[in-house]
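Everything on this sheet refers to the single structure shown next.
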Number of protein chains: 4
Amino acid sequence: MPRGAARSEASRTAILTAIATLIDRMGFDNVTIEAIATEAGVGKQTIYRWYPSKNAIVAEALAEGTLVPESFPVPETGDALADISAWLERVLAFLGDETHAALLGSLLSASIDSPEIGLRVAERLGMASPTVAERVQQARDAGQLRPALTGEQIDQLIFGLVVMRALGRAPYVPGEAHRLVAALLGVAPD
Amino acid sequence: MPRGAARSEASRTAILTAIATLIDRMGFDNVTIEAIATEAGVGKQTIYRWYPSKNAIVAEALAEGTLVPESFPVPETGDALADISAWLERVLAFLGDETHAALLGSLLSASIDSPEIGLRVAERLGMASPTVAERVQQARDAGQLRPALTGEQIDQLIFGLVVMRALGRAPYVPGEAHRLVAALLGVAPD
Amino acid sequence: MPRGAARSEASRTAILTAIATLIDRMGFDNVTIEAIATEAGVGKQTIYRWYPSKNAIVAEALAEGTLVPESFPVPETGDALADISAWLERVLAFLGDETHAALLGSLLSASIDSPEIGLRVAERLGMASPTVAERVQQARDAGQLRPALTGEQIDQLIFGLVVMRALGRAPYVPGEAHRLVAALLGVAPD
Amino acid sequence: MPRGAARSEASRTAILTAIATLIDRMGFDNVTIEAIATEAGVGKQTIYRWYPSKNAIVAEALAEGTLVPESFPVPETGDALADISAWLERVLAFLGDETHAALLGSLLSASIDSPEIGLRVAERLGMASPTVAERVQQARDAGQLRPALTGEQIDQLIFGLVVMRALGRAPYVPGEAHRLVAALLGVAPD
DNA sequence: CCCTAATCGAGACGGTACGTCCAGTCTTAAA
DNA sequence: TTTAAGACTGGACGTACCGTCTCGATTAGGG
């Protein structure tokens, strides 16, 4: 058994809450470790003791749901086209809000030197376990559809599309999600 | 006519060269204006006189071809599928080199707060005027193919895919480009 | 000729003034470099650019007279006993003020790892060029007196005495200076 | 009677030993409470429980003889001049060693905000109970000598001289102690 | 041919944030 | 109840860059 005081859960929570607050108050890039410490009412060293970098805090806040409370699970009704369409619809609608798009943009930017963040973002968006790719594979195995692309490729195209929206290109047109997914799955839309 | 000394072309070039050198020596984020000035043998003020920010320098270096010497024009043989496939093949192969992927990642990251850079990147990659979207439209007009998606959507899906590769996901499998483009255009691959 | 902007005299002065102000406002040991920078309205780096340590600032403030405006020259009337007595009287009276004693104490403390400061303190107190030692030697040469001790020893005993007062021992009794000097010079007091 | 564990003598000793070790390994000013705790294999709180400050530890280490094992009692042969000379000789020789001078310097520096340390230092050096002042007084009472100065003044001059040596001024010349003491006592040296 | 204005390399300036180190307090589990 | 261990808030340290400003030198028109 380790002696000495245990990690303070209060501080941990305060840090995660603080970074979320600050990011949406002043934008991802303008958030400093010092500001986090002040906002959280925590010593700077307490942050450095547990996190090697700002990205690591973000990763944890992301995993914890502090940063993006919503979650985007892919429904499982058995109809892959409908499921994925519905999910993509929600995601694109979410990104219609400029604040959300900006946040996701920053997170993707952070993903470049922190794969961990990329992973957490994908997770939050519902693109990990069970991923879209797996859902497509199931549909294919069930003989529901025979798309020209592999599940992974489709997965990647869709995620890429989401990223493009976050990076600021093109507004969302309702119903678009369904047509996109249909085309990618090689099915005629209703 | 303005009196006084004119802008020094030597300095301008030195700055662009310096930023290219430094970016690949120490990574985009670690490049500071001061380092650029030193490397270029130029006063800091000379940089600030002509560029409002690091991003602006990058944008010019990009436009000038200093940063990415290669260019990726979409061929124009009349066969849209072949043209776009060939082009995508080259781009994905280029991103197979980790250095290139990292560079593009940084540039995309910079695009978030500098649309100018986003534009230049798209330009460099051959995704602007004439864009993939236009090529698809031409083919559609010529009756060569009738894809389920609009040119813009296809354009976006493809760019999104490119971005995903740059962000570090999935290695490139030769031949993949052709299958992807074929599927997106709604054509059976050869 | 060095190019670039010259050192700012305004900043230099502000720094010296600030350290003097702060030392007497909150005591030598509690003065931080950051406080000096703030008080002087100067960037921290401007201090570090010119001074390796707090002690170096103190040394300059001392040399400049910013820290201790008074000076204690040894008079030169030809009568060594009277001259030195008068001088010591002034010094001991000065140290009667507790603030002054505390300041000198701190300075002596700083002298331990900064001989420069020791020198400047001696200078300020009038114990350097022409030093008490030299005055004694002159008197001896002129046949005015033949003390049992060398000028240097007397000098050292006197400085030691001054230090003891600064370190907090014994209050000053008027007239004491004369008796002390007389005894050290081997002369009967008047 | 207090219940619970009593103060651990082992810890107390370890702390005193540790501070002595660290002072001569890295210099007085660089010794931190944390380093003492680590070196002593003791919790920080154990130190803070018993000592209000680093100076208090030093004071105890001094009183205990852990810091300066040597002691310098003034001999009592009845011949005040010889006794004091012999004692001063030993002290000055001790300070000839640079390490010792540096240590004493630091201790004097610490005395400025901790009179307790000043007292302990004086004690260690043999300048307290029976002090040099008292010895002079006894000699005067016995009619052995009639110095021009009071015992206290002599005491102070001598301590001041010792301090000056510790502060780094002047090397020791053998035999000097005798001449100095003789002069201060108003006696012709042998 | 000088004058005047703009540019240049150099570098000091006031600031902000960094990541580290300690001070002094508080918490835990063991003895 | 004390101990060793160690986490906690707080705050100064010395460094790195930011973007601005100030030098003296250089380089062109325009008078």
Side-chain angles (χ1 to χ4, degrees), chain A residues 1-8 10-12 14 30-38 40-50 52-54, chain B residues 1-8 10-12 14 30-38 40-54, chain C residues 1-8 10-12 14 30-38 40-50 52-54, chain D residues 2-8 10-11 14 30-38 40-54:
Chain A
M1 262 285 151
R3 283 200 286 176
R7 174 168 185 186
S8 154
S11 294
R12 198 187 71 92
N30 301 321
V31 173
T32 66
I33 300 268
E34 297 202 324
I36 297 170
T38 302
V42 139
K44 246 204 298 187
Q45 194 56 48
T46 299
I47 295 181
Y48 283 109
R49 189 169 6 252
W50 303 109
S53 67
K54 195 173 77 175
Chain B
M1 263 286 153
R3 283 198 291 169
R7 173 169 186 187
S8 155
S11 294
R12 197 187 70 92
N30 302 321
V31 173
T32 67
I33 300 268
E34 296 203 324
I36 297 170
T38 301
V42 138
K44 246 203 301 186
Q45 192 56 42
T46 301
I47 295 180
Y48 282 108
R49 196 174 355 256
W50 304 109
Y51 305 98
S53 67
K54 195 174 77 172
Chain C
M1 262 283 152
R3 284 198 288 174
R7 174 168 185 187
S8 156
S11 294
R12 197 187 69 92
N30 301 322
V31 174
T32 66
I33 300 268
E34 295 203 324
I36 296 170
T38 301
V42 138
K44 242 200 301 186
Q45 194 57 48
T46 299
I47 296 181
Y48 283 109
R49 188 164 13 247
W50 303 109
S53 66
K54 198 173 74 175
Chain D
R3 283 196 294 164
R7 176 169 184 186
S8 153
S11 294
N30 302 322
V31 173
T32 65
I33 300 267
E34 294 200 327
I36 297 170
T38 302
V42 138
K44 247 204 300 186
Q45 193 54 43
T46 302
I47 295 180
Y48 281 109
R49 199 178 345 263
W50 304 111
Y51 305 98
S53 67
K54 195 174 76 174

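Note that the structure is predicted; figures quoted are calculated from it, not measured.
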Checklist line | Separation of E:dA10 P from C:Arg3 CZ (nearest whole Å) | finding: 6 Å

Checklist line | Residue list, side-chain contact (heavy atoms from CB on, under 4.5 Å) with A:Ala14, at least two apart or on another chain | finding: A:Ala40

Checklist line | Pairing residues for B:Ser11 by the side chain to side chain donor-acceptor pair (under 3.5 Å) criterion, not counting sequence neighbours | finding: B:Ser8

Note to self: Return whichever of A:Gly4 or C:Pro52 has its heavy-atom-nearest nucleotide of DNA chain F closer to the 5' end.
What the structure shows: A:Gly4

Next item on the list: List in chain and number order the residues that pass side-chain contact (heavy atoms from CB on, under 4.5 Å) with B:Thr38, two or more places apart in sequence or in another chain; answer none if no residue qualifies.
Entry: none

Next item on the list: Would you give a per-nucleotide map of nucleotides 13-18 of chain E, 5' to 3', where B means the base has a protein non-hydrogen atom under 4.0 Å away, S means only the sugar-phosphate does, and - means neither?
Entry: BBB-SB

Next item on the list: Using side chain to side chain donor-acceptor pair (under 3.5 Å) as the criterion, list what pairs up with C:Arg7, not counting sequence neighbours.
Entry: C:Tyr51

Check: Can you list the residues that meet the salt bridge (charged side-chain N to carboxylate O under 4.0 Å, His left out) rule with A:Lys54, with sequence neighbours excluded?
Finding: none

Item checked: Length of the CD1-C1' vector between A:Ile47 and F:dG10, whole Å -> 13 Å

